[in-house]
A.B. asks: 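Here it is, the structure in full.
Note that the structure is predicted; figures quoted are calculated from it, not measured. To find a chain, count down the sequence lines: A is the first, B the second, and so on, and within it residues start at 1.
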Amino acid sequence: MSFHVKLPDGSTKEFPEAVTPLMVAESISSGLAKQAVAARVNGEVFDIQGTLPDGAELSILKGDSDEGLDAIRHSAEHLMAAAVCEIFPDAQVTMGPKSHAGEFHYDFDLSRPLEPKDLDAVTARMKELIKAKTPFTHETMSKGEARKMFKNMGQTYKDEILDWIEGDDVTVYTCGNFKDLCRGPHVPHAGHVKAFKLLSNSGSYWRADANNAMLQRITGIAFHDKKALAEYLHRIEEAKKRDHRRLGKEMNIFSVSEKHDNHRYGNARDVEMLVTGSVSQAGMESGKLRADAVLDDKLLDGLANIFAPRVVKMNGYNVPAHSDPTRPSSDIQIRLFAGDISKEQAEAVRALEKETNERLEDGKTRIVVDRHFTEEVGPGLVLWHPKGGRLRTLIEDQWRKMHYAAGYDLVYSPHLAKSDLWKVSGHWDFYREGMFSPMAVDGQEYLAKPMNCPFHVLMYKDRPRSYRELPLRWAELGTVYRYEMAGTLHGLMRVRGFTQDDAHIFCTWEQVREEIDRTLGFVLKVLKTFGFETFTVNISTRPEKYVGSEDAWEKSEKYLEDAVQSRGLPYQIDEGGGAFYGPKIDVTLEDCLGRTWQCSTIQLDFNNPERFGLSFVNSSGEYEQPVMLHRALLGSIERFIGILIEHYAGVFPMWLAPEQVRVLPIADDQLDAARTLADALKAVGLRATVALQNEKLGAKIRQAQLDKVPAVIVVGKKEAEQGGGTVRYHGGTDGGYMSTEELIENFKNLAQIPEAS
RNA sequence: GCUGCUAUAGCUCAGGCGGUAGAGCGCAUCCUUGGUAAGGAUGAGGUCACCGGUUCGACUCCGGUUAGCAGCUCCA
């Protein structure tokens, strides 16, 4: 009997006995055999050493194919695990979750956290395994056998993993001394991992659940050749160079949460004492809030005695009722004058702490005396410096202009409102945890607004509405405050106070389709204006818990999909991924490094009209409920500017550049001529400055380049005499000499705002 | 919020196994008056994040707080 193998070019090879993909590759060329890392057999990817069935359709996969690269990375992941197990014999191997960007990672339960230098040791060991061309082999066994084997090896996590795997048999791969459950495929030996780098180590949770043990994760990347790895690392470097946090600082655009305490506070020796703790048994039983439980009278009296008579204010700020009562918190604060704490006072505090813990029997109350009094805005809150202010103004002005042109009206609403407003809207129940703690004013509870919609709803309710005035399109650059978890804050990308470019459209059911389509068109027009060209869309449909009628959901989901299809945008549907109040589409843009950012969103809201009892009078004189659409185009202005900074690497297009032109006098003799020229440019609305520093031209050019000014105009003796100047663009392009009139004309043209369609 | 790492001049960072500190850039002043990415000199500037502990002595060691970074989780 002979065996047949079909190759991708349509030809068929015949073999006298059963063969492996590797043998087929060898029969074609020794070069191919050397490069082969995996094989696609009848559409599925396998090892190249498995026996082929007769008549198999076979593609030999090299390292430069997607599937081949996957096999290389997956194998590198196993090599890493093998190395870690050798270095840490007691390591518990868990699993290597899938990652997005092609990077591989593996989570280990280790006796101690990893340090960066551990990665060097792991890397070195991996290189040895690669050099030795350590083979990958696999065997198939029953689950029972696998359980027994891993138990003998002392690997306890594998039991749980085996529970998730369907079927009776599992595959176990071996590389060196390392064995692990794995579906494969793997490269035949470690030598195929030609280039790799361990990128970072970090923590992660077993099954991504914060209640579980913290594992040690190592992340790495691997390629089929060194050049591809170098390119990848270069891209990471490039992204780092563009990091908006770094550029924002260098270019003096904004700052987030910086301290400025560089002096003594003199007489203002006002410090705060923090008392942090978890609820005591007594507190739990009495059902009181934690603050009351911890800050009982005995403790307060004790503190007052120690620091009397300097206590100026002493109250336990109530722990918000939504907080987890068992979680330690520093929401309880006492303010007192205690600029310098004496040794006696410190000792007394310690004694009081001990006594409190004994009395409350929880042993967790901690009294910390800290000069908690610094010149800092607070994490996640942004300061916009003049350049950033200019950038924002330019973006927001353009935004306003486009909104008026698109038939919107602009509205404003306050930063605070009574918390009742969000109780009516329902947000209080769902999203309380994400709000800043309420503040008490005149016996009422107020909140910093976490969203703008209730305000717009109230404006709608200002008077009875007629169908004749719909649709109403109300937009607002509304700054909202959300309590984002400390660990998630990131430059401008994730902050606690940010400005939504929000709008709400109130319309009839007959108008919804048209409004959705218009809005999507507007989204694209605005994003294109800012220089983005590639978009994808995600449509999220009805989740299990929802409000509104099934009919309403189905209709609007169809409208959303139709709108996306008619624009020819690539999209995917996230079934059941919508918010409880309505379906939505999210638009994701791609930046110049190919990274994607979700900025825009268009959402139907069936919740607010119902909860606030919105209505309009239709043509038959009956009351009808309007449909409400939420939408944001840029998302958060803060985040969008962060994206713009990274997209343009700080070199903004002329119309967005905070400083468009800098006039450089060659010597101080030309300062007046330079000023005159800059004034002429400023007079027509261009943003021009003069370099005043007493430096050579080279230094001034360099500075302008570093400041990322799009263009400079050099004014020397010649130019000073005949007027005008010589243009040099950012990057070094020579613009030649131009008269003042020509300069004005030239820069006015360059500063035109792009017309997107 | 969780885990790990980090915190020294306006910025980027050195440094010391415990005896109060350095560089480059930037800034100020002076010299230089120059032609497309760095001219020179001098000077100012720091309670080494904050609060405790250990110690004769802490910027250094230990604990905590705050904040940043990476990841996890979350994202109306």
A.B. asks: Pick the P atom in B:rG43 and in B:rG63, then give their distance to the nearest Å.
C.D. replies: 43 Å
A.B. asks: For B:rC62 and B:rU55, measure between their C1' atoms and round to the nearest Å.
C.D. replies: 12 Å
A.B. asks: Using a 4.0 Å heavy-atom cut-off across all strands, classify A:Arg639 as base, sugar-phosphate, or nothing.
C.D. replies: nothing
A.B. asks: Roughly, in whole Å, what's the span from CZ in A:Arg631 to C1' in B:rA76?
C.D. replies: 17 Å
A.B. asks: Looking only at atom C1', what distance separates B:rC17 and B:rU60, rounded to whole Å?
C.D. replies: 10 Å
A.B. asks: Could you measure the distance from the OG atom of A:Ser437 to the CZ atom of A:Arg432? Nearest 0.5 Å is fine.
C.D. replies: 12.0 Å
A.B. asks: Looking only at atom C1', what distance separates B:rG68 and B:rC25, rounded to whole Å?
C.D. replies: 23 Å
A.B. asks: For B:rG19 and B:rG52, measure between their P atoms and round to the nearest Å.
C.D. replies: 22 Å
A.B. asks: Indicate, with a heavy-atom threshold strictly under 4.0 Å, whether A:Thr488 touches base, sugar-phosphate, or nothing.
C.D. replies: base
A.B. asks: Counting distance alone, no hydrogens or angles: does the base of B:rC75 have a donor or acceptor under 3.5 Å from a partner atom on the side chain of A:Arg494?
C.D. replies: yes
A.B. asks: Between B:rA21 and B:rG45, how many Å separate the two P atoms, rounded to a whole number?
C.D. replies: 15 Å
A.B. asks: Could you give the CE-to-C1' distance, from A:Met628 to B:rA76, as a whole number of Å?
C.D. replies: 12 Å
A.B. asks: Anything below 3.5 Å on both distances counts as a pair; with that, list the stems of at least three consecutive Watson-Crick or G-U pairs involving RNA chain B.
C.D. replies: B:1-7 with B:66-72, B:10-13 with B:22-25, B:27-31 with B:39-43, B:49-53 with B:61-65
A.B. asks: Using the C1' atoms only, state how far B:rG18 lies from B:rG57, rounded to an integer number of Å.
C.D. replies: 8 Å
A.B. asks: Indicate for each nucleotide in nucleotides 33-45 of chain B, in 5' to 3' sequence, whether protein heavy atoms under 4.0 Å reach the base (B), only the sugar-phosphate (S), or nothing (-).
C.D. replies: BBBBBBB------
A.B. asks: Could you work out the separation of B:rU6 and B:rU65 based on their C1' atoms and round it to a whole Å?
C.D. replies: 15 Å
A.B. asks: Nearest whole angstrom, please: distance from the P of B:rU12 to the CG of A:Leu247.
C.D. replies: 13 Å
A.B. asks: Contact class for A:His490 vs. all strands (heavy atom < 4.0 Å): base, sugar-phosphate, or nothing?
C.D. replies: sugar-phosphate
A.B. asks: Taking atom types as modelled and ignoring hydrogens, do the side chains of A:Thr499 and A:Thr479 form a donor-acceptor contact shorter than 3.5 angstrom?
C.D. replies: yes
A.B. asks: When all nucleic acid strands are considered with a 4.0 Å heavy-atom cut-off, which category describes A:Tyr581: base, sugar-phosphate, or nothing?
C.D. replies: sugar-phosphate
A.B. asks: Report which part of the nucleic acid A:Tyr431 touches: base, sugar-phosphate, or nothing (heavy-atom distance under 4.0 Å, all strands).
C.D. replies: base
A.B. asks: Please say whether the positively charged group of A:Lys449, taken as NZ for Lys or CZ for Arg, lies over the ring of A:Tyr481, i.e. under 6.0 angstrom from the six-membered ring centre and within 45 degrees of the axis.
C.D. replies: no
A.B. asks: Taking only the side-chain heavy atoms of A:Ala486 (C-beta and beyond), determine which of B:rG68, B:rC69, B:rG1 contains the nearest atom.
C.D. replies: B:rG1
A.B. asks: Expressed in angstrom and rounded to an integer, what is the separation of A:Lys449 atom NZ from B:rA76 atom P?
C.D. replies: 18 Å
A.B. asks: Answer yes or no: does a side-chain N or O of A:Arg245 lie under 4.0 Å from OP1 or OP2 of B:rA70?
C.D. replies: yes
A.B. asks: Nearest whole Å is fine: how far is B:rC25 P from A:Asp707 CG?
C.D. replies: 17 Å
A.B. asks: State whether the side chain of A:Arg496 and the backbone N or O of A:Glu484 hold a donor-acceptor pair below 3.5 Å, judged by distance alone.
C.D. replies: yes
A.B. asks: Examine B:rG1: is either OP1 or OP2 under 4.0 Å from a nitrogen or oxygen in the side chain of A:Tyr483? Give yes or no.
C.D. replies: yes
A.B. asks: Counting N and O atoms only, with roles assigned by atom type, does the side chain of A:Asp501 sit under 3.5 Å from a partner on the main chain of A:Leu633, one being a donor and the other an acceptor?
C.D. replies: yes
A.B. asks: Please work out which of the three classes, parallel, tilted or perpendicular, describes the rings of A:Phe747 and A:Tyr729, given edges at 30° and 60°.
C.D. replies: tilted
A.B. asks: With side-chain contact (heavy atoms from CB on, under 4.5 Å) as the criterion, how do A:Val256 and A:Leu383 come out once you've worked through the C-alpha distance, each side chain's angles and the decisive distance to 0.1 Å?
C.D. replies: CA-CA 6 Å; A:Val256 190; A:Leu383 294 179; over 6 Å; no
A.B. asks: With A:Arg235 as the cation and A:Tyr232 as the aromatic partner, state whether NZ or CZ is under 6.0 Å from the six-membered ring centre and within 45° of the axis.
C.D. replies: no
A.B. asks: In whole Å, I'd like the distance from the NE2 atom of A:His105 to the C1' atom of B:rA70.
C.D. replies: 14 Å
A.B. asks: Are the aromatic ring centres of A:Trp597 and A:Phe640 under 6.0 angstrom apart?
C.D. replies: no
A.B. asks: Taking atom types as modelled and ignoring hydrogens, do the side chains of A:Thr689 and A:Glu659 form a donor-acceptor contact shorter than 3.5 angstrom?
C.D. replies: yes
A.B. asks: Parallel under 30°, tilted from 30 to 60°, perpendicular over 60°: which one fits the rings of A:Phe254 and A:His244?
C.D. replies: parallel
A.B. asks: With nearest nucleotides of RNA chain B determined for A:Pro379 and A:Glu484 from heavy-atom distances, which residue corresponds to the more 5′ nucleotide?
C.D. replies: A:Pro379
A.B. asks: For A:Gln603 and B:rA76, give me the distance from atom CD to atom C1', rounded to whole Å.
C.D. replies: 8 Å
A.B. asks: What is the distance from CD of A:Glu433 to C1' of B:rA76, rounded to the nearest Å?
C.D. replies: 13 Å
